[in-house]
Amino acid sequence: MTVIVLMDSSDASKQALALARKFGEPQSVSMDAVQPFAPDALAAILAQAADDMNASAVVAAGTERGNEVMARLAARMGLPLAANCIDAEPGDPTTVTRQRWGGSLLEEARLHSPRPLMTVAPHTVAADSGPPPAEVEVKPVAETDLVVRVVDHVSPSNGGVSLAEAKVIVSGGRGVGSKEGFAIIEELAGLLGAAVGCSRAVTSAGWRPHTDQVGQTGTKVAPEVYIACGISGATQHMAGLKGAKRILAINSDPQAPLMLNADYSVTGDLKEIVPAISAEIRKRR
Amino acid sequence: MKVLVCVKRVPITGGRIVLTDDARAINTQHLGFTISPHEECGVEEAVRLIEANKGESVVLTLGPPEAVEQLRDAMALGIDRAIHLKTDGQEWDAESTAAALIEAIRADETSNGPFDLIFFGNESADSAGFQVGIRVAYALARPCVAGLKKVTLEGSSVRCEQEVEGGRDVYVVPLPAVLTVKEGLNLPRYPSVPGKMRARSKPMAESTPTRPVPRLELVKLAVPAGQGRRAESLGAGSAAAPAVVEMLQKAGVL
Ligand SMILES: Cc1cc2nc3c(=O)[nH]c(=O)nc-3n(C[C@H](O)[C@H](O)[C@H](O)COP(=O)(O)OP(=O)(O)OC[C@H]3O[C@@H](n4cnc5c(N)ncnc54)[C@H](O)[C@@H]3O)c2cc1C
């Protein structure tokens with residue numbers, strides 16, 4: 001049995017490959033098979049390959065692109081799709097465990113399909129360490145599948161530390177109180193060479209741009225240290241923190257969920273505590 | 001022009017998700033409801049497009065009787081009318097949801113004319129299948145661009161920006177098109193009191209589709225085990241600053 005895996009060079013792809021091996025001998029289609037990126041064309045290539053090889057399943061990483069292409073494949077083939085699986089067992093039906101709510105909830109489900117289509121949630125399965133699978137021979141695609149394609153690329157304008165890659169993040173929530181209140185957050189971030197993050201309460205109020213938002217509908221972060229100031233710790237915020245090594249919570253409410261789900265906590269008014277930390281760092285220099 | 005936006009009612013879970021006894025749903029007894037932030041941006045974009053270009057904006061949902069609240073909320077922000085596909089509260093899988101929406105869109109377009117743009121959230125807040133908008137686009141044979149942070153009308157085309165590592169990819173597709181959007185697309189407005197008043201008398205159509213047997217069949221839900229973080233207190237107030245700095249030094253970031 002052959003299983004087809006949509007792959008790029010990311011770890012997420014190797015994790016998807018590891019899960020795919022349960023469904024057969026993998027053959028891959030490269031995310032770069034069509035340049036520039038054209039998701040319908042990739043779906044067409046996957047569909048053709050799956051039919052040609054009578055594939056037992058088609059698998060991709062649960063990245064933005066992976067989920068997008070697999071949804072198009074599912075629509076094209078008229079099959080169900082299980083997105084962001086953390087585990088799957090072949091059978092009739094296939095059983096899957098998949099993420100909901102950005103990973104705050106798990107769903108066990110039965111996938112009734114002659115050809116299971118699945119994406120694998122990043123960082124939930126150990127990456128495959130074997131040799132890369134053989135690549136499927138790619139045939140030309142129809143013009144109609146190239147209507148949706150990348151025609152240009154714009155680079156980010158800001159030169160600051162990127163949230164997704166930051167080693168340290170100082171993040172503020174509603175407790176910061178105002179746009180101006182972020183001055184003390186920025187000061188501490190500056191001293192630490194950190195990126196500034198925030199909760200959705202802050203972006204909704206217009207205090208910070210959405211590019212600073214951490215969480216389910218913001219950025220998922222993976223810093224060495226995440227300092228959460230005046231953030232309560234709603235599940236949707238925590239969904240962005242799964243990759244954080246150490247979390248320090250600063251909050252006036254010792255029972256706030258983030259205070260209980262952090263590694264370190266400081267109780268009290270952030271308006272006193274944050275400047276005091278900045279002063280202490282300066283003192284020691 | 002005509003613009004449609006599709007939304008889904010979901011609970012606002014707080015710090016901890018609690019499940020029903022049969023573990024097949026979230027216990028929503030003490031929870032409020034909303035739509036995904038992605039969809040809020042879709043609603044805002046639809047309202048802005050019609051403010052700028054004239055025409056009609058419509059909101060469509062498949063959901064329980066109470067989803068009327070979310071439809072009225074959207075109309076309070078400026079959407080002109082609503083279509084409610086009523087369920088009995090049971091969850092619908094993504095494939096079945098898409099099928100019901102497709103049927104409703106076809107019916108509405110037959111009576112009222114085609115939509116130039118149809119907005120979806122990139123993924124629903126709760127089940128997050130990443131596919132309903134794309135399925136609808138395929139069935140209607142319209143181009144679909146996904147995961148958008150910026151949408152600009154350019155005559156009979158739409159320019160779309162999708163956030164990717166190291167910047168944004170740009171797509172330009174002809175209308176009519178289906179767009180799935182993400183939070184950050186715009187900053188949604190708050191409803192005004194007159195807006196809420198007007199929403200009460202805006203038209204709302206409803207029908208009751210039959211739920212097909214799902215091919216992605218929910219068996220049960222589980223709250224994943226925590227990451228086992230147990231907060232060590234570094235103290236209270238500004239007196240904790242030295243302990244914080246020592247922690248940062250130990251972590252190797254200072
Ligand atoms: C589908 C969906 C998706 C969402 N996506 C996201 C997302 O991506 N990211 C996100 O963050 N949220 C998201 N949310 C919103 C989320 O549910 C919460 O509403 C939000 O995270 C709350 O932000 P907050 O913690 O800043 O505010 P609050 O919950 O109001 O908490 C403020 C905290 O500040 C503390 N505080 C107040 N004053 C002080 C002070 N002076 N000193 C110290 N502490 C103080 C309070 O004790 C409280 O704990 C989403 C919601 C939904 C429904």
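None of these values were measured; they are calculated from a predicted model.
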Subject >> Derivation and outcome, side-chain contact (heavy atoms from CB on, under 4.5 Å), residues B:Val245 and A:Lys283 >> reply: CA-CA 11 Å; B:Val245 172; A:Lys283 202 172 86 185; over 6 Å; no

Subject >> Stepwise salt bridge (Lys or Arg N to Asp or Glu O under 4.0 Å) test for B:Lys182 and A:Glu64 >> reply: CA-CA 11 Å; B:Lys182 287 180 132 184; A:Glu64 295 295 343; 2.9 Å; yes

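Atom CG of A:Asp152 and atom CZ of B:Arg168 lie 13.0 Å apart (nearest 0.5 Å). With values rounded to the nearest 0.5 angstrom, A:Glu280 atom CD is found 10.5 Å from B:Ser238 atom OG. Considering CG of B:Leu221 and CZ of A:Arg100, their distance stands at 5.5 Å, rounded to 0.5 Å. Rounding to the nearest 0.5 angstrom, the gap separating the CZ atom in B:Arg229 from the CD1 atom in A:Ile247 is 3.5 Å. The CG atom of A:Leu105 sits 6.0 Å away from the CG atom of B:Leu19 when rounded to the nearest 0.5 Å. The distance from atom CG of A:Leu248 to atom CG of B:Leu248, rounded to the nearest 0.5 Å, is 7.0 Å.
When heavy atoms are compared at a cutoff of 4.5 Å, B:Ala146 approaches chain A by way of both its backbone and its side chain. In this structure, chain A has no heavy atom under 4.5 Å from any part of B:Val213. The contact between A:Ile227 and chain B is made entirely by side chain atoms (from C-beta outward), counting heavy-atom distances below 4.5 Å. For a residue to count as touching a neighbouring chain, one of its non-hydrogen atoms must lie under 4.5 Å from one of that chain's; by this rule B:Asp93 does not touch chain A. With a 4.5 angstrom heavy-atom cutoff, A:Leu73 does not touch chain B via any of its atoms. Neither the backbone nor the side chain of B:Pro188 comes within less than 4.5 Å of any heavy atom of chain A. The part of A:Lys245 that comes within reach of chain B is its backbone (N, CA, C, O), which places non-hydrogen atoms under 4.5 angstrom from that chain. Within the 4.5 angstrom heavy-atom criterion, only backbone atoms of B:Arg16 (N, CA, C, O) approach chain A. Only the side chain of A:Gln213 comes within less than 4.5 Å of a heavy atom of chain B; its backbone N, CA, C and O stay farther away. Interface residue B:Cys144: backbone and side-chain heavy atoms are both found under 4.5 Å from chain A. Both the backbone and the side chain of B:Val223 come within contact range of chain A, judged by heavy atoms closer than 4.5 Å. Heavy-atom distances place both the backbone and the side chain of A:Thr217 under 4.5 Å from chain B. Using a 4.5 Å cut-off between heavy atoms, B:Lys220 contacts chain A through both its backbone and its side chain. Only the side chain of A:Asn84 comes within contact range of chain B, with heavy atoms under 4.5 Å apart. In this structure, the portion of A:Val168 lying under 4.5 Å from any heavy atom of chain B is its side chain and not its backbone. Contacts of A:Ala38 with chain B are absent, with no heavy-atom separation under 4.5 Å from either backbone or side chain. Both the backbone and the side chain of B:Val172 have a heavy atom closer than 4.5 Å to some heavy atom of chain A.
Put simply, the side chain of B:Tyr171 does not reach to within 4.5 Å of the side chain of A:Val151, judged on heavy atoms. Side-chain atoms of A:Arg110 and B:Leu216, non-hydrogen and from C-beta on, never get closer than 4.5 Å to each other. The closest side-chain heavy-atom distance from A:Thr95 to B:Val219 is not below 4.5 Å. For the pair A:Ser204 and B:Tyr190, the minimum side-chain heavy-atom distance is below 4.5 Å. In this structure the side chain of A:Val154 never reaches within 4.5 angstrom of the side chain of B:Lys150, judged on heavy atoms. Counting heavy atoms from C-beta on, the side chains of B:Val244 and A:Val266 come closer than 4.5 Å. For the pair B:Arg215/A:Ser113, no side-chain contact is recorded, criterion being any heavy-atom separation below 4.5 Å from C-beta on. You'll find the side chain of A:Arg76 stays beyond 4.5 Å of the side chain of B:Ile134, heavy atoms only.
Ion pair B:Glu246/A:Arg284 flagged as a salt bridge, since at least one NZ, NE, NH1 or NH2 atom sits closer than 4.0 Å to an Asp/Glu carboxylate oxygen. Salt bridge annotation for A:Arg65-B:Glu163: absent, with no cationic side-chain nitrogen under 4.0 angstrom from a carboxylate oxygen.
Between the side chains of B:Tyr138 and A:Asp40, at least one donor-acceptor pair of N or O atoms lies under 3.5 Å. In this structure, a donor-acceptor pair under 3.5 Å is absent between the side chains of B:Gln131 and A:Glu68. A donor-acceptor contact under 3.5 angstrom links the side chains of A:Gln236 and B:Thr13, judged on distance only.
In the displayed structure, B:Glu103 atom CD is contacted under 6.0 Å by at most 12 heavy atoms of other residues, nucleotides or ligands. Residue A:Glu143 qualifies as open at atom CD: its count of foreign heavy atoms under 6.0 Å is 12 or below.
Counting heavy-atom pairs under 4.5 Å between each of A:Asn261, A:Ile86, A:Leu81 and chain B puts A:Leu81 at the top. Counting heavy-atom pairs closer than 4.5 Å to chain B, the top-ranked of the candidates A:Ala109, A:Gly218, A:Gly268 is A:Ala109. Chain B forms the most heavy-atom pairs under 4.5 Å with one residue out of A:Met70, A:Lys167, A:Arg149, and that residue is A:Arg149. Taking B:Ala128, B:Ala240, B:Gly14 one by one and counting their heavy-atom pairs under 4.5 Å with chain A, the maximum is reached by B:Gly14. With chain B as partner, the option from A:Ala249, A:Ala74, A:Gly103 having the largest number of non-hydrogen pairs under 4.5 angstrom is A:Ala74. Annotation: maximal heavy-atom pairing with chain B below 4.5 Å, among A:His237, A:Glu224, A:Glu272, A:Gln216, occurs at A:Gln216. Among A:Gln99, A:Glu165, A:Lys242, A:Met238, the residue with the largest count of heavy-atom pairs under 4.5 Å with chain B is A:Lys242.
Minimum heavy-atom separation, A:Gly206 to B:Leu187: CA-CD2, 4.0 Å. Here the shortest heavy-atom pairing between A:Pro80 and B:Glu95 reads CB-OE1, 3.6 Å. Residues A:Leu106 and B:Pro224 share a closest heavy-atom pair of CD1-CB, 4.0 Å. Listed here is the closest heavy atom pair of A:Pro257 and B:Gly15: CG-CA, 3.8 Å. In terms of heavy atoms, B:Val164 sits closest to A:His153 at CG2-CE1, 3.8 Å. A pairwise comparison of heavy atoms in B:Val145 and A:Arg72 identifies CA-NH2, 4.1 Å as the closest pair.
Partner of A:Trp101 under the side-chain contact (heavy atoms from CB on, under 4.5 Å) criterion, out of B:Ser127, B:Pro11, B:Ser124: B:Pro11 alone.
In terms of modelled atom types and a separation under 3.5 Å, the side chain of B:Glu183 and the main chain of A:His210 share no donor-acceptor contact. Judged purely by atom type and a 3.5 angstrom limit, A:Ser265 has no side-chain atom pairing as donor or acceptor with the backbone of B:Ala231.
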